[in-house]
Chemist: 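Okay, here's the structure, questions in a sec.
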Amino acid sequence: MSTLPILLKNPRILLLGAGKVAFQKAQVLLDNQIDFTVIAQHIGESFNGLPITPVQKEIEQSDFAGYQIIVDATGDRHVGHMLDGEKNQRSVLVNRVDVPSQCDFYFSSLLNYGHLKIAVSTDGASPTIGQEVRNRIQRVIPRHVADLVDEKAAQRQAGHINTDKTRAQIREQLAQVFLIGCGPGDVRLLTLQAYQCLQEMDVVLYDHLISDDILALIPPETEKVYVGKKKGAHSFKQEQINGLILDYARSGHHVARLKSGDPYIFGRGAEEARYLAERGIRVSVVAGISSALVGPASAGIPLTARGYAANLSIVSAHLSGSRINSAWLPLLKLDYHTTVVLMGLSFSEQISALALEQGVDPELPVAIISNASRPEQKTVTTSLCQLPQAAKTAARPAVLVFGPVVELHHILPHFDPQS
């Protein structure tokens with residue numbers, strides 16, 4: 001069977017039937033501003049809300065006169081016989097809904113962006129597949145692409161055509177960047193949304209904090225670019241990463257920047273999102289589970305617990321230029337409070353000294369949780385005054401937890417990588 005997708009200009013269509021199936025076809029025709037008439041013996045309630053007035057009567061072959069395209073949504077065998085007779089007498093295109101073998105044409109799953117129209121057809125084999133493919137395309141193409149098409153139509157009519165500029169503009173509009181939170185490492189903590197995004201990307205940028213198990217989920221055909229930023233050995237500066245993402249996006253790609261934990265929790269995701277948004281690139285943020293939450297939970301340390309902590313703070317010990325952030329240290333003197341510190345392991349000696357100078361209890365419980373959620377996870381519990389010594393043998397990346405809740409580490413269950 002050979003088929004040819006075409007666009008018909010100003011077609012006049014006869015729709016037979018006014019039930020649920022006919023209602024679906026009527027909506028498609030209305031959405032595309034098609035002139036059509038409905039004739040049916042029985043009118044379904046769903047048609048009451050449509051801006052058309054069906055003709056209620058018994059269908060006769062004489063009703064077909066003047067129409068070159070007829071859609072039969074009645075499911076009535078007698079109506080089918082009449083249409084066969086009509087086709088024997090003159091040229092007429094008939095679509096018998098849900099009967100592909102008796103169709104001269106098929107309805108496509110449609111997307112309408114003004115002058116830009118996209119039709120997806122399976123030759124009647126599986127409308128469901130056509131709809132799913134259409135929906136996937138719809139997620140890729142922004143609604144405002146219609147404005148660009150209108151602009152180019154006006155320029156073309158005026159004789160101003162610049163194909164290079166147009167190509168650059170449409171590629172930029174079609175581009176999209178996803179900042180995907182990948183959690184602390186265990187692939188089972190990846191959200192369903194993050195997993196689905198990974199399957200649809202053209203390019204993925206990642207660093208050393210993204211686990212091999214998560215990278216293994218990326219399809220082989222996806223381009224993978226390492227942009228590692230490891231303490232003491234930065235292979236890429238943030239400005240270079242921003243520029244690289246932008247270059248890929250402006251080439252029309254769907255780009256993922258994988259972030260450990262959550263993109264907006266001390267992950268510089270806000271900087272990257274702002275940089276791209278200011279340059280006209282669509283940005284979507286996919287939330288992830290922060291190590292600030294997973295680390296303590298997997299070590300048997302509840303961040304809040306009755307009688308231990310009623311308040312919680314999450315802070316970073318790291319400022320730009322590898323400077324220490326000490327503004328949060330007064331939190332350590334609060335009663336019933338838990339403080340989770342990210343990027344603080346290398347500052348353990350300074351944290352301990354400065355906190356003790358400010359009068360923090362030297363016996364304040366502290367936990368160091370390294371490689372949270374990964375098979376090599378390890379937890380060390382100590383006190384504020386002993387923190388520098390304990391930190392010397394702890395592995396990175398690590399989360400520091402300060403507060404009475406650390407005492408529950410010896411009571412509550414811990415993370416089991418085999419579970």
Chemist: Show which side-chain atoms of residues 383-391 pair as donor or acceptor with protein atoms under 3.5 Å away, not counting sequence neighbours.
Modeler:
residue	atom	partner	partner atom	Å
Gln389	OE1	Lys392	NZ	3.4

Chemist: Could you tell me which residues satisfy side-chain contact (heavy atoms from CB on, under 4.5 Å) with Ala297, sequence neighbours excluded, listed by chain and number?
Modeler: none

Chemist: Quick check: do Asp212 and Leu215 have side-chain heavy atoms less than 4.5 Å from each other?
Modeler: yes

Chemist: For Tyr113, give me all partners under ring pair (Phe, Tyr, Trp, His ring centres under 6.0 Å), at least two apart in sequence or on another chain.
Modeler: none

Chemist: Does any non-hydrogen side-chain atom of Val227 lie less than 4.5 Å from one of Ile245?
Modeler: no

Chemist: Less than 3.5 Å apart, which donor and acceptor atoms pair up between the side chains of residues 25-46 and the rest of the protein, not counting sequence neighbours?
Modeler:
residue	atom	partner	partner atom	Å
Asn32	OD1	Asn112	ND2	3.2
Asn32	ND2	Val28	O	2.9
Thr37	OG1	Tyr67	OH	3.0

Chemist: Do Asp202 and Glu223 make a side-chain contact, defined as non-hydrogen atoms from C-beta onward lying under 4.5 Å apart?
Modeler: no

Chemist: The criterion is side-chain contact (heavy atoms from CB on, under 4.5 Å); which residues satisfy it with Arg139, sequence neighbours excluded?
Modeler: Arg136, Glu200

Chemist: Crowded around Lys378 NZ? As in, over 12 foreign heavy atoms under 6.0 Å?
Modeler: no

Chemist: Between Val204 and Phe178, is there a side-chain heavy-atom distance shorter than 4.5 Å?
Modeler: no

Chemist: For a 4.5 angstrom cut-off between non-hydrogen side-chain atoms, does Phe23 reach Leu50?
Modeler: yes

Chemist: In the structure I gave you, are the side-chain heavy atoms of Ser352 and Leu356 within less than 4.5 Å of one another anywhere?
Modeler: yes

Chemist: Kindly list each side-chain donor-acceptor pair under 3.5 angstrom involving residues 146-158, sequence neighbours excluded, with atom names and distances?
Modeler:
residue	atom	partner	partner atom	Å
Glu151	OE2	Gln155	NE2	3.3
Lys152	NZ	Gln155	OE1	3.2
Lys152	NZ	Gln169	OE1	2.6

Chemist: Once side-chain contact (heavy atoms from CB on, under 4.5 Å) is applied, do any residues pair with Asp104, and if so which ones, sequence neighbours excluded?
Modeler: Lys87, Leu93, Val94

Chemist: Do Ile324 and Leu319 touch side chain to side chain, with heavy atoms closer than 4.5 Å?
Modeler: no

Chemist: More than 12 heavy atoms of other residues, nucleotides or ligands under 6.0 Å from CD of Glu349: yes or no?
Modeler: no

Chemist: With sequence neighbours left out, what residues match Arg279 under salt bridge (charged side-chain N to carboxylate O under 4.0 Å, His left out)?
Modeler: none

Chemist: Can you classify the ring geometry of His414 versus His409 as parallel (below 30°), tilted (30 to 60°) or perpendicular (above 60°)?
Modeler: parallel

Chemist: Will you find, in the side chains of Gln131 and Asn135, an N or O donor that is under 3.5 Å from an N or O acceptor?
Modeler: no

Chemist: Decide if the gap between the ring center of Tyr308 and the ring center of Tyr336 is smaller than 6.0 angstrom.
Modeler: no

Chemist: Got a sec, which residues hit salt bridge (charged side-chain N to carboxylate O under 4.0 Å, His left out) with Arg134, two or more places apart in sequence or on another chain?
Modeler: none

Chemist: Taking the inter-plane angle between the rings of Phe402 and Trp328 on a 0 to 90° scale, is it parallel (under 30°), tilted (30 to 60°) or perpendicular (over 60°)?
Modeler: tilted

Chemist: Quick check: do Phe64 and Leu16 have side-chain heavy atoms less than 4.5 Å from each other?
Modeler: yes

Chemist: Can you name the residues that form a side-chain hydrogen bond (donor to acceptor under 3.5 Å, both in side chains) with Arg171, not counting sequence neighbours?
Modeler: none

Chemist: Kindly write out the residues that satisfy ring pair (Phe, Tyr, Trp, His ring centres under 6.0 Å) with His337, not counting sequence neighbours, or none if the list is empty.
Modeler: none

Chemist: Once side-chain contact (heavy atoms from CB on, under 4.5 Å) is applied, do any residues pair with Glu221, and if so which ones, sequence neighbours excluded?
Modeler: Pro219

